[in-house]
S.K.: 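Sending over a structure as structure tokens; questions will come in a sec.
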Amino acid sequence: MRIDILTLFPRMFEGPMGESIIGKAVEKNLLEINVSNFREFSDNKHQAVDDYPYGGGAGMLLKVQPIYDNLKAIDQETSAAQKRVILLDPAGKPFDQKMAEEFSSEEHLVFICGHYEGYDERIRSLVTDEVSLGDYVLTGGELGAMVMIDATVRLLPDVLGNNTSAQTDSHSTGLLEHPQYTRPAEFNGMKVPEVLTNGNHKLIAQWQLKESLRRTYLRRPDMLEKLKMTDEMKKLLEEVKKEEE
């Protein structure tokens, strides 16, 4: 996968993009990351990338020309037939695990990190996706892009040491992940549930499913409304509800 990032602050990506899972993916040649300062593509002699909005209004808008020329330069560098161009925008579609899974199947992603009051509307004609990290406003799109890249890259084949880890993460299954334990079996009077130590894989799987349902029911009941449940899940959820009354 190739990822391009358009930003006015490329140094913000120097550390995070070279560490942990992302850094290892780059080392394994599973991922290529390129960061562009789109100020360098401005045709203004002062390299200005923003201007006042027509019709008046507070703040400044990012101009379309530097973004357009930066994207054009990327097109000339890559042979990928298609790419997803993602505009970081508080008014965009909320980012979630499903979107991360979609992005992870692409060959080429481009993230445009905005600043100032907003975008010249014509920039939106250059993108495939307008995405928001959440219902709040950041000073720029850089932090949002980092989060989305991290959530996406960890889903790429062979990036995680255990390829099943991503499949069982919270939100990937539609449920929050069940409680997990490691050695010792008892610490300060706190014991690991006996079912996890008896070696009965069928009972362990049932316990894990039930506890995922319990955690989701207690913390994110809205997720259950969207979940297609099997008969076993419905039965276990009813047990959870009775136990929690």
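Positions are given from 1 along the sequence.
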S.K.: Do the side chains of Leu62 and Ile112 get nearer than 4.5 Å, heavy atoms only?
M.R.: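 Side chain of Ile112 against side chain of Leu62, heavy atoms only: no contact under 4.5 Å found.
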S.K.: Does Leu31 form a side-chain contact (heavy atoms from CB on, under 4.5 Å) with Val159? I'd like the steps, not just the answer.
M.R.: CA-CA 9 Å; Leu31 176 67; Val159 167; over 6 Å; no
S.K.: Would you compute the distance between atom OH of Tyr217 and atom CG of Leu237 and round it to the nearest 0.5 angstrom?
M.R.: 7.5 Å
S.K.: Quick one: closest heavy-atom pair of Phe13 and Phe9, and the distance?
M.R.: CD1-O, 4.0 Å
S.K.: To the nearest 0.5 Å, how far apart are CG in Asn29 and CD in Glu27?
M.R.: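 One finds 9.5 Å between CG of Asn29 and CD of Glu27.
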S.K.: Under a 4.5 Å cut-off applied to non-hydrogen side-chain atoms, are His115 and Glu142 in contact?
M.R.: yes
S.K.: Could you pull out the closest heavy-atom pair between Arg219 and Leu176, with the gap in Å?
M.R.: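 Where Arg219 meets Leu176 most closely, the heavy atoms are CB-CD1, 3.9 Å.
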S.K.: Does Met99 reach the side chain of Met148, with side-chain heavy atoms less than 4.5 Å apart?
M.R.: no
S.K.: Within the 4.5 Å heavy-atom criterion, are Ile149 and Ile5 side-chain neighbours or not?
M.R.: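 Sidechains of Ile5 and Ile149: in contact.
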S.K.: Which heavy atom in Thr182 sits nearest to a heavy atom in Val192, and how many Å separate them?
M.R.: O-CG2, 4.3 Å
S.K.: Do Lys93 and Asp129 have side-chain heavy atoms sitting under 4.5 Å apart?
M.R.: no
S.K.: Under 30°, 30 to 60°, or over 60°: which ring-plane class applies to Phe103 and Phe111, parallel, tilted or perpendicular?
M.R.: perpendicular
S.K.: Between atom CD1 of Ile86 and atom OG1 of Thr152, what is the distance when rounded to the nearest 0.5 Å?
M.R.: 7.0 Å
S.K.: How long is the gap from OG on Ser132 to CG on Leu87, to the nearest 0.5 Å?
M.R.: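 These two atoms lie 11.0 Å from each other.
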S.K.: So that I can tick it off, tell me whether Glu211 and Arg214 are bridged by a salt bridge, with the cut-off set at under 4.0 angstrom between side-chain N and carboxylate O.
M.R.: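 Glu211 and Arg214: salt-bridged.
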S.K.: Can you tell me how far the CZ atom of Arg84 sits from the CD atom of Glu102, to the nearest 0.5 Å?
M.R.: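 Answer rounded to 0.5 Å: 5.5 Å.
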S.K.: State, to 0.1 Å, how close Ala48 and Ser42 come at their nearest heavy-atom pair, and which atoms those are.
M.R.: O-OG, 2.7 Å
S.K.: I would like to know whether Thr78 and Glu107 meet side-chain contact (heavy atoms from CB on, under 4.5 Å); could you show each step before the answer?
M.R.: CA-CA 11 Å; Thr78 177; Glu107 291 183 31; over 6 Å; no
S.K.: Should Phe41 and Ile67 be counted in the same cluster of Ile, Leu, Val, Met, Phe, Trp and Tyr side chains packed under 4.5 Å apart?
M.R.: no
S.K.: Does the pair Asn70 and Asn37 meet the rule for a side-chain contact (heavy atoms from CB on, under 4.5 Å), with working shown?
M.R.: CA-CA 9 Å; Asn70 198 162; Asn37 185 342; over 6 Å; no
S.K.: Would you kindly confirm whether Val147 and Leu143 end up in one hydrophobic cluster when ILVMFWY residues are joined by side chain heavy atoms under 4.5 Å apart?
M.R.: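 Shared cluster, yes.
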S.K.: Looking at Ser36 and Leu6, would you say the former's side chain and the latter's main chain have a donor-acceptor pair under 3.5 Å?
M.R.: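 It does not hold such a pair.
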S.K.: Does CG in Asn198 sit with more than 12 non-hydrogen atoms of other residues, nucleotides or ligands closer than 6.0 Å?
M.R.: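 Yes, because the 6.0 Å sphere around CG of Asn198 holds more than 12 heavy atoms from other groups.
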S.K.: Looking at His108 and Gln82, would you say the former's side chain and the latter's main chain have a donor-acceptor pair under 3.5 Å?
M.R.: no
S.K.: Which atoms form the tightest heavy-atom contact between Tyr119 and Cys113, and what is the distance?
M.R.: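 Looks like OH-C, 4.2 Å.
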S.K.: Do Ile74 and Asn34 have side chains that get closer than 4.5 Å, going by heavy atoms?
M.R.: no
S.K.: For the hydrophobic clusters of this structure (ILVMFWY residues joined by side-chain heavy atoms under 4.5 Å, transitively), does one cluster hold both Ile204 and Val240?
M.R.: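 No, because Ile204 and Val240 fall into different hydrophobic clusters, even though each may have its own neighbours under 4.5 Å.
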S.K.: Just checking Glu194: does its CD atom have more than 12 heavy atoms from other residues, nucleotides or ligands closer to it than 6.0 angstrom?
M.R.: no
S.K.: Would you sort out whether Glu238 and Lys242 count as a salt bridge (charged side-chain N to carboxylate O under 4.0 Å, His left out), showing the intermediate values?
M.R.: CA-CA 6 Å; Glu238 287 304 313; Lys242 290 178 181 178; 5.9 Å; no
S.K.: Quick one: does Val35's side chain get under 4.5 Å of Thr7's, heavy atoms only?
M.R.: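 The answer is yes, as the side chains (C-beta and beyond) meet within the 4.5 Å cut-off.
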S.K.: Under the criterion side chain to side chain donor-acceptor pair (under 3.5 Å), I'd like the reasoning laid out for Gln65 against Asp69: C-alpha separation, chi angles, the key distance, then a yes or no.
M.R.: CA-CA 6 Å; Gln65 177 272 319; Asp69 284 354; 2.7 Å; yes
S.K.: Is the shortest distance from a Lys or Arg side-chain nitrogen in Lys83 or Asp4 to a carboxylate oxygen in the other one below 4.0 Å?
M.R.: no
S.K.: To the nearest 0.5 angstrom, please state how far the NE2 atom of His178 sits from the NZ atom of Lys210.
M.R.: 15.0 Å
S.K.: What are the two closest non-hydrogen atoms of Leu133 and Gly144, and how far apart are they?
M.R.: CD2-CA, 3.8 Å
S.K.: If you measure from the Lys or Arg side-chain nitrogens to the Asp or Glu carboxylate oxygens, is any gap between Asp120 and Arg122 under 4.0 Å?
M.R.: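 A salt bridge links Asp120 with Arg122.
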S.K.: Taking the side chain as C-beta and beyond, is there a heavy-atom pair between Glu101 and Leu155 under 4.5 Å?
M.R.: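 Glu101 reaches Leu155 side chain to side chain.
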S.K.: Met146 and Tyr136: same hydrophobic cluster, using ILVMFWY side-chain contacts below 4.5 Å?
M.R.: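 Met146 and Tyr136: one cluster.
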S.K.: Is Glu121 salt-bridged to Arg124, going by a charged N under 4.0 Å from an acidic O?
M.R.: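 Looking at Arg124 together with Glu121, the answer is yes, because their closest N to O distance falls below 4.0 Å.
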S.K.: Do Met233 and Trp207 land in one hydrophobic cluster if side-chain heavy atoms of ILVMFWY residues count as linked below 4.5 Å?
M.R.: no
S.K.: Are more than 12 heavy atoms, taken from residues, nucleotides or ligands other than Tyr181, located less than 6.0 Å from that residue's OH atom?
M.R.: yes
S.K.: Look at atom CD of Glu19 and say whether more than 12 heavy atoms of other residues, nucleotides or ligands are closer to it than 6.0 Å.
M.R.: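 12 or below, so no.
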S.K.: Would you say Arg215's side chain and Glu177's backbone share a donor-acceptor pair under 3.5 angstrom?
M.R.: yes
S.K.: So does His46 get a backbone contact from the side chain of Asn44, meaning a donor-acceptor N/O pair under 3.5 Å?
M.R.: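 A pair under 3.5 Å: yes.
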S.K.: Hey, is OH on Tyr54 packed in by over 12 heavy atoms from elsewhere, all under 6.0 Å?
M.R.: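 No, the 6.0 Å shell around OH holds no more than 12 heavy atoms from other groups.
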